[in-house]
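What follows is a short report on a single structure.
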Amino acid sequence: MSDPKLVSPHQSQSIRTAGESIQRAKAAMLMVHGRGARAEDILSLTDQLDFPEFAYLAPQAADNTWYPNRFLNPISENEPWLSSALAFVGDAFAQIVQAGIPPERIILLGFSQGACLTLEFAARNAQRFGGVVGLSGALIGPDDTPRDYVGSLAGTPVFLGCSDVDFHVPKKRVHQTAETMRVLGGVVTERLYPNMDHTINQDEIDFVRGMMQAVSL
């Protein structure tokens, strides 16, 4: 019998929370941490976002890593971790919806490896979200990966922020991701920051706060 941890490495992991409870909140943010980080690290952004009426949920990756190889590698080289990670994000999303918060009031946000995972989840499950935020990330797979996603983002605001010299994320992949999300019906804002480190800046925080304001009205 196969080891379930090898088939679905993330399924036994926890989902950390902050802010308002999902039972009382009118809007939510699903936050996905980067490689080598923890759920608590991405949740620390809530201090800067400063929207306490939001419910914040952050799934925790097994061994702090969603998938073992670069996001540019063939997708098969990141399995079964990638499929497990996407399923886990889906579980967290479903938990929010089941609590009574509709998808159009849920913002998906990820940083670095978490941004790649967030964008891939949004594309594979395209619908009207409250927003999709990819900070220093892009869609997963090599340049020639078919992007034949189904569904529609139906006007979902999509924000892509990244350094123009990011060692991990080539800027052409940010451009390609922006185009794919537009084809899927997203309203995309793409910002490349000159010579920025692999980090999150205040302009990105301010933009996300604007998205949060829009879904909390």
Side-chain angles (χ1 to χ4, degrees), residues 29-51 56 58-59 61 64-75 77-78 81-82 85-86 89 107-124 129-145 147 153 156-184 186-213:
M29 180 177 289
L30 177 50
M31 310 179 76
V32 188
H33 68 76
R35 184 193 299 272
R38 301 173 303 158
E40 289 83 1
D41 297 322
I42 195 78
L43 284 173
S44 69
L45 282 179
T46 62
D47 293 336
Q48 298 177 62
L49 295 172
D50 195 27
F51 260 82
Y56 302 94
N64 302 332
T65 300
W66 293 111
Y67 46 87
N69 298 306
R70 293 190 71 193
F71 82 97
L72 299 168
N73 285 29
I75 288 176
E77 294 181 8
N78 279 314
W81 300 273
L82 176 57
L86 289 166
V89 171
I107 295 175
L108 312 176
L109 178 148
F111 171 67
S112 192
Q113 190 184 61
C116 298
L117 186 63
T118 296
L119 292 165
E120 193 67 32
F121 175 83
R124 294 190 187 196
F129 299 106
V132 176
V133 181
L135 303 175
S136 302
L139 289 166
I140 295 172
D143 287 351
D144 60 355
T145 301
R147 302 298 176 187
L153 290 170
T156 295
V158 178
F159 179 76
L160 302 174
C162 190
S163 169
D164 67 342
V165 292
D166 194 296
F167 176 78
H168 301 287
V169 186
K171 64 180 181 181
K172 73 171 184 176
R173 291 303 301 272
V174 181
H175 294 325
Q176 291 170 358
T177 298
E179 180 57 28
T180 297
M181 298 307 248
R182 290 189 182 102
V183 169
L184 277 171
V187 179
V188 181
T189 300
E190 177 189 359
R191 293 184 182 174
L192 291 174
Y193 301 95
N195 300 310
M196 186 176 78
D197 292 332
H198 189 70
T199 188
I200 299 171
N201 67 28
Q202 188 60 49
D203 184 69
E204 293 170 318
I205 293 293
D206 292 343
F207 194 96
V208 174
R209 280 182 51 80
M211 295 173 78
M212 298 171 74
Q213 182 68 46

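For this chain, numbers begin at 1 and follow the sequence in order.
Residues A123 and L139 share a closest heavy-atom pair of CB-CD2, 4.0 Å. Nearest heavy-atom pair, M196 versus S163, reported as atom, atom and distance to 0.1 Å: O-OG, 2.6 Å. G34 approaches S112 most closely through the heavy-atom pair CA-CB, 4.4 Å. Between P59 and W66, the shortest heavy-atom contact is O-CZ2, 3.6 Å. Closest heavy-atom contact between V32 and I42: O-CD1, 4.0 Å. Contact between V165 and N195 at its shortest, heavy atoms only, is CG2-CA, 3.6 Å.
The distance from the CG atom of L45 to the NE2 atom of H33 is 13.0 Å, given to the nearest 0.5 Å. Rounded to the nearest 0.5 Å, atoms CD1 (I200) and CD (Q48) are 7.5 Å apart. N69 contributes atom CG, which lies 12.5 Å from atom CD1 of I75 (distance to the nearest 0.5 angstrom). Rounded to the nearest 0.5 Å, atoms CG (L82) and CZ (F121) are 12.5 Å apart. How far CZ of F71 is from OG1 of T145: 10.5 Å, rounded to the nearest 0.5 Å. With rounding to the nearest 0.5 Å, the separation of OG1 in T177 from CG in L119 is 6.0 Å.
The shortest side-chain heavy-atom distance between L108 and M31 does not fall under the 4.5 Å cut-off. Residues L192 and H175 form a side-chain contact, since some pair of their non-hydrogen atoms from C-beta on lies under 4.5 Å apart. A heavy-atom distance below 4.5 Å is not found between the side chains of V187 and V158. A 4.5 Å side-chain heavy-atom check between T118 and L109 finds every atom pair outside the cut-off. When side chains are defined from C-beta on, P170 counts as touching L72, because their heavy atoms get closer than 4.5 Å. In this structure the side chain of L30 reaches within 4.5 angstrom of the side chain of V89, judged on heavy atoms.
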Practice task
Give the C-alpha distance, both sets of side-chain angles, the deciding distance and a yes or no for side-chain contact (heavy atoms from CB on, under 4.5 Å) between D164 and Y193.
Solution key: CA-CA 6 Å; D164 67 342; Y193 301 95; over 6 Å; no

Problem - Audit row: S136, F111, side-chain contact (heavy atoms from CB on, under 4.5 Å) steps and yes/no - result: CA-CA 6 Å; S136 302; F111 171 67; 3.7 Å; yes

Exercise for the section: For the pair L49 and I205, evaluate side-chain contact (heavy atoms from CB on, under 4.5 Å) and give the outcome as yes or no after the intermediate values. Expected result: CA-CA 7 Å; L49 295 172; I205 293 293; 4.2 Å; yes

Problem - side chain to side chain donor-acceptor pair (under 3.5 Å) between D166 and H198, worked out - result: CA-CA 6 Å; D166 194 296; H198 189 70; 2.6 Å; yes

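With E190 contributing its side chain and F159 its backbone, the two residues share no donor-acceptor pair below 3.5 Å. With hydrogens and angles disregarded, a donor-acceptor distance shorter than 3.5 Å links the side chain of T156 to the backbone of F129. A donor-acceptor contact shorter than 3.5 Å links the side chain of R35 to the backbone of Y67. With hydrogens and angles ignored, the 3.5 Å screen pairs no side-chain donor or acceptor of R38 with any backbone N or O of A61. Of the possible polar contacts, none joining the D50 side chain to the D47 backbone as a donor-acceptor pair under 3.5 Å is found.
Salt-bridge formation is detected for the pair R191/D203: a Lys NZ or Arg NE/NH1/NH2 atom is positioned less than 4.0 Å from an Asp or Glu carboxylate oxygen. No salt bridge links E204 with R209; every basic N to acidic carboxylate O contact stays at or beyond 4.0 Å.
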